[in-house]
Amino acid sequence: MASPRTITIVALSVALGLFFVFMGTIKLTPRLSRDAYNEMKRAYKSYVRALPMLKKMGVSSILLRKSIGALEVACGIVMTLVPGRPKDVANFLLLLLVLAVLFFHQLVGDPLKRYAHALVFGILLTCRLLIARQPEEQPPEKRVLSVNGDEQPLVHEAAPEKGKMKVS
């Protein structure tokens, strides 16, 4: 049976992955929702206007929106389907992306209701990464003492307990 930790990581990975695939697809194409796509176009134009440095670097609102959308789709697919270390890398990249998006929302003065989802998913990405990076707990080993060919479980550890002094 899978541990609760494993179940949590898998559930968060799949849910977050699917969410970011969906959101990235909305940024890339109007097929899912024309209204949401047009809203994304408008929002990214305001982000580029608020950061003239992007314009000087040759980053248009279209390039920014499509780059972020493609990164969200790619990382979302990895989070959903690819096992192991790549999930953690995708998780970290998405977390950086969420922080950038939160920065953009603050920069243009959006109200909280416009970026609350980014806050929530940033927290979920952080939780998933923290849970995944914790080492798996191992059950304590049963130690056995062999006396005259009979195996008996040890009652006391050889090392003294923390905070107690061993007296000989």
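Everything numeric in this text was worked out from a predicted model, so none of it was measured.
Taking 4.5 Å as the limit, every side-chain heavy atom of Lys27 sits out of range of all side-chain heavy atoms of Lys66. Considering only heavy atoms from C-beta on, Tyr115 stays 4.5 Å or farther from Val98 through its side chain. At least one side-chain heavy atom of Arg128 sits under 4.5 Å from a side-chain heavy atom of Ser13. Arg49 is not listed as a side-chain neighbour of Lys55, based on a closest heavy-atom distance of 4.5 Å or more. The shortest distance between side-chain heavy atoms of Leu71 and Leu94 does not fall below 4.5 Å.
Listed here is the closest heavy atom pair of Met40 and Met23: CE-CE, 3.6 Å. Considering every non-hydrogen atom in both Pro83 and Pro86, the closest pair reads O-CD, 3.5 Å. Between Thr25 and Val73, the closest heavy-atom pair is N-CG2, 3.6 Å. The heavy-atom pair separating Leu129 from Asn91 by the smallest distance is N-OD1, 3.4 Å. The shortest non-hydrogen separation linking Thr8 to Pro4 is OG1-O, 2.8 Å. Shown here for Ala118 and Leu102, the closest heavy-atom pair between the two residues is CB-CD2, 3.7 Å.
Residues Val21 and Leu81 are members of one and the same hydrophobic cluster, defined by side-chain heavy-atom contacts under 4.5 angstrom among Ile, Leu, Val, Met, Phe, Trp and Tyr. Under the 4.5 Å side-chain heavy-atom criterion for grouping Ile, Leu, Val, Met, Phe, Trp and Tyr, Phe103 is connected to Leu119 within one hydrophobic cluster. Residues Val89 and Val14 fall into different hydrophobic clusters, defined by Ile, Leu, Val, Met, Phe, Trp and Tyr side chains chained together at heavy-atom separations under 4.5 Å. A chain of hydrophobic side-chain contacts below 4.5 Å, direct or via other Ile, Leu, Val, Met, Phe, Trp or Tyr residues, connects Val48 to Met53. The cluster map of Ile, Leu, Val, Met, Phe, Trp and Tyr, joined by side-chain heavy atoms under 4.5 Å apart, puts Leu16 and Leu93 in different clusters.
Taking OG from Ser46 and CG from Leu107, the interatomic distance works out to 9.0 Å, rounded to the nearest 0.5 Å. Put simply, CD1 on Ile62 and OG on Ser67 are 11.5 Å apart, with the number rounded to the nearest 0.5 Å. Taking CD1 of Ile68 as the reference point, atom CZ of Phe20 lies at 11.5 Å (rounded to 0.5 Å). Taken from CG in Leu95 to CG in Asp88, the straight-line distance is 12.0 Å, to the nearest 0.5 Å. Distance check: Phe121 CZ to Leu97 CG gives 13.5 Å after rounding to the nearest 0.5 Å. Rounding to the nearest 0.5 Å places OG1 of Thr80 at 12.5 Å from CZ of Phe19.
Using a distance-only test at 3.5 Å, with no hydrogens or angles considered, no donor-acceptor pair links the side chain of Thr6 to the main chain of Ala2.
A salt bridge links Arg114 with Glu39: the closest approach of a Lys/Arg side-chain nitrogen to an acidic carboxylate oxygen falls below 4.0 angstrom.
Evaluation of the salt bridge (Lys or Arg N to Asp or Glu O under 4.0 Å) rule for Arg5 yields Glu136 as partners, not counting sequence neighbours. Scanning for ring pair (Phe, Tyr, Trp, His ring centres under 6.0 Å) contacts around Tyr47 gives Tyr44, Phe104, His105, with sequence neighbours left out.
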